[in-house]
Protein chains: 2
Amino acid sequence: MNSDFTLAIHSLTYLALQPDRMSTSDGISESAGVHPVRIRKVLSLLKKHGFIKSKEGTGGGFIFNLDLCEVNLWDIYMITSEGALQPKCPDSNEECIVGANMKRVLFTIFLGAEQYLGEYLKNYTIKEVVDLVNQEQNSGCD
Amino acid sequence: MNSDFTLAIHSLTYLALQPDRMSTSDGISESAGVHPVRIRKVLSLLKKHGFIKSKEGTGGGFIFNLDLCEVNLWDIYMITSEGALQPKCPDSNEECIVGANMKRVLFTIFLGAEQYLGEYLKNYTIKEVVDLVNQEQNSGCD
DNA sequence: ATTAACTGTAATATTTATTATTACACTATG
DNA sequence: CATAGTGTAATAATAAATATTACAGTTAAT
């Protein structure tokens with residue numbers, strides 16, 4: 001699975017646990033173990049869709065903008081990874097009935113698969129992810 | 001999606017349309033637009049699980065070994081791509097509650113997602129794929 | 001008003017994953 | 001015994017993901 005998706009989940013969960021202050025891309029990137037620029041890229045998508053707010057300058061950062069229950073994993077998937085389930089078929093042989101039609105058939109099947117998966121992902125809101133993270137907590141941030 | 005999965009589907013569909021003679025990895029690879037060695041690798045998995053038979057030497061090749069209705073896309077997924085939905089999380093910060101627990105939480109969620117997707121994939125047998133390929137046929141092999 | 005701490009984003013470099021290629025042992029057929 | 005195949009490992013090439021660098025813009029604090 002596309003890691004923009006999981007980074008978005010990670011970031012939102014992080015923000016969910018810091019509801020009262022802004023978090024920086026540096027802080028989130030340390031938590032997630034990736035480069036801060038990547039975090040900013042992912043968060044810029046989430047901001048564009050209104051899930052978070054950001055503020056530039058000293059004391060700035062990112063903060064959740066919605067209720068935790070309003071954001072589910074399907075929303076996040078659609079923003080970060082729509083179509084990611086589709087296989088990248090090489091150009092196959094158009095002179096073979098299989099080669100000529102497989103791409104179209106697979107596209108249809110995987111489109112359905114994505115829709116189907118959506119029903120599963122809709123069952124998880126960030127609230128639920130936060131609860132799962134809290135369940136067996138190993139240690140805490142500062 | 002893992003392309004071993006789609007190559008396996010492609011190959012099996014190809015074999016399904018040649019039920020009376022053996023097909024070579026060269027033939028399949030031309031249809032699918034990939035290297036014959038890759039086809040042989042994928043088919044070697046399918047053989048190990050009894051979906052196809054193979055024969056070495058002159059006049060050898062691959063041939064379907066089961067009824068088309070007995071093989072569904074979930075079977076093929078499990079053989080070629082089990083776990084492929086799992087994101088590859090970088091090592092995150094164990095001293096942050098999010099970093100310390102996210103991997104486990106995501107693992108659980110994506111495990112469920114894979115199981116869920118399985119129900120969808122079980123609905124497609126190779127027979128159905130063959131039918132879809134035949135539906136809007138552009139042209140035929142030899 | 002200047003510095004420091006941020007976001008935003010593009011361009012480039014690096015790393016990793018996928019895929020192709022080569023090589024060759026083995027098997028069967030004619 | 002030559003030819004047409006599979007089986008599989010090792011390596012090379014390519015493509016994709018990720019990190020890094022660079023820098024413009026914003027805000028707060030001194």
Side-chain angles (χ1 to χ4, degrees), chain A residues 1-8 10-11 14-15 18 21-49 51-65 80-81 83-93, chain B residues 1-8 10-11 14-15 18 21-49 51-65 80-81 83-93:
Chain A
M1 177 63 56
N2 190 319
S3 79
D4 279 0
F5 182 39
T6 59
L7 275 180
H10 193 119
S11 301
Y14 186 100
L15 296 183
Q18 309 278 348
R21 51 171 155 161
M22 302 215 112
S23 305
T24 68
S25 59
D26 264 42
I28 302 171
S29 82
E30 269 184 41
S31 167
V34 299
H35 201 277
V37 171
R38 249 185 101 195
I39 294 291
R40 295 210 285 274
K41 257 184 228 162
V42 171
L43 292 191
S44 133
L45 279 175
L46 295 175
K47 181 188 174 186
K48 201 161 71 181
H49 288 82
F51 294 160
I52 61 175
K53 280 184 298 191
S54 76
K55 195 174 148 205
E56 302 186 13
T58 304
F62 302 89
I63 196 164
F64 224 100
N65 192 36
T80 58
S81 317
L85 226 56
Q86 287 294 339
K88 32 201 163 327
C89 297
D91 290 337
S92 50
N93 188 347
Chain B
M1 178 61 57
N2 192 318
S3 79
D4 279 0
F5 181 40
T6 58
L7 275 180
H10 192 118
S11 301
Y14 186 99
L15 296 183
Q18 310 279 347
R21 51 169 155 163
M22 302 215 112
S23 306
T24 67
S25 58
D26 265 44
I28 302 171
S29 82
E30 269 182 41
S31 167
V34 300
H35 200 277
V37 171
R38 247 185 103 194
I39 294 292
R40 296 210 285 273
K41 259 184 228 160
V42 171
L43 292 192
S44 133
L45 279 174
L46 296 176
K47 181 190 173 186
K48 201 162 73 184
H49 287 82
F51 294 161
I52 60 175
K53 279 184 299 191
S54 76
K55 195 175 148 201
E56 303 186 11
T58 305
F62 303 89
I63 195 163
F64 224 101
N65 191 36
T80 58
S81 316
L85 226 55
Q86 287 292 339
K88 34 200 163 326
C89 297
D91 290 337
S92 51
N93 189 347

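Note on naming: letters A, B, ... go to the chains in the order of the sequence lines (proteins, then strands), and numbering restarts at 1 for each one. These values consider heavy atoms only, across backbone and side chains, with no hydrogens, waters or symmetry-generated copies.
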*Who are the side-chain contact (heavy atoms from CB on, under 4.5 Å) partners of B/N65, not counting sequence neighbours?*
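side-chain contact (heavy atoms from CB on, under 4.5 Å) check on B/N65 returns B/K53.
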
_A/Q86: which residues meet the side-chain contact (heavy atoms from CB on, under 4.5 Å) condition with it, sequence neighbours left out?_
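Residues passing side-chain contact (heavy atoms from CB on, under 4.5 Å) with A/Q86: A/F107, A/F110, A/L111.
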
*Given B/L85 and A/L85, is the side chain to side chain contact (heavy atoms under 4.5 Å, CB included) satisfied, shown in steps?*
CA-CA 9 Å; B/L85 226 55; A/L85 226 56; 3.9 Å; yes

Taking [atom1] from [X] and [atom2] from [N], how many angstroms apart are they, rounded to a whole number?
X     : N      : atom1 : atom2 : answer
A/L43 : C/dG8  : CG    : P     : 8 Å
B/R40 : C/dC24 : CZ    : C1'   : 11 Å
A/L45 : C/dT7  : CG    : P     : 16 Å

Taking all non-hydrogen atoms of both residues into account, name the closest pair between [X] and [Y] and its distance.
X     : Y     : result
B/A32 : A/P90 : O-CG, 3.5 Å
A/M1  : B/K88 : O-NZ, 4.2 Å
A/L43 : A/I52 : O-CD1, 3.4 Å
B/H10 : B/S31 : NE2-OG, 2.7 Å

*asked:* Reading DNA chain D in the 5' to 3' direction, which nucleotide is the first one with an atom under 4.0 Å from a heavy atom of chain B, and which is the last?
replied: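 It runs D/dT3 to D/dA9.
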
*What nucleic acid atoms does B/K47 come within less than 4.0 Å of, heavy atoms only: base, sugar-phosphate, or nothing?*
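Sugar-phosphate contact only.
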
*How long is the span from the OG1 atom in B/T80 to the CG atom in B/L46, to the nearest 0.5 Å?*
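It is 7.5 Å, given to the nearest 0.5 Å.
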
*Could you list all the side-chain hydrogen bond (donor to acceptor under 3.5 Å, both in side chains) pairs where at least one residue sits in residues 35-49 of chain A, not counting sequence neighbours?*
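Pairs touching residues 35-49 of chain A that pass the test: A/S3-A/R38, A/S25-A/R40, A/K47-A/S54.
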
*Residues of residues 52-61 of chain B with any non-hydrogen atom less than 4.0 angstrom from an atom of DNA chain D: list those, numerically ordered, please.*
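Only B/S54, B/K55, B/E56, B/G57, B/T58, B/G61 qualify.
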
_Taking the side chain as everything from C-beta on, heavy atoms only, tell me whether A/Y14 gets closer than 4.5 Å to A/S23._
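In short, these two side chains touch, coming nearer than 4.5 Å.
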
*asked:* Counting primed atoms plus P, OP1 and OP2 as sugar-phosphate and everything else as base, spell out the protein contacts along nucleotides 14-20 of chain C at 4.0 Å heavy-atom distance: B, S or - for each nucleotide, 5' to 3'.
replied: -----SS

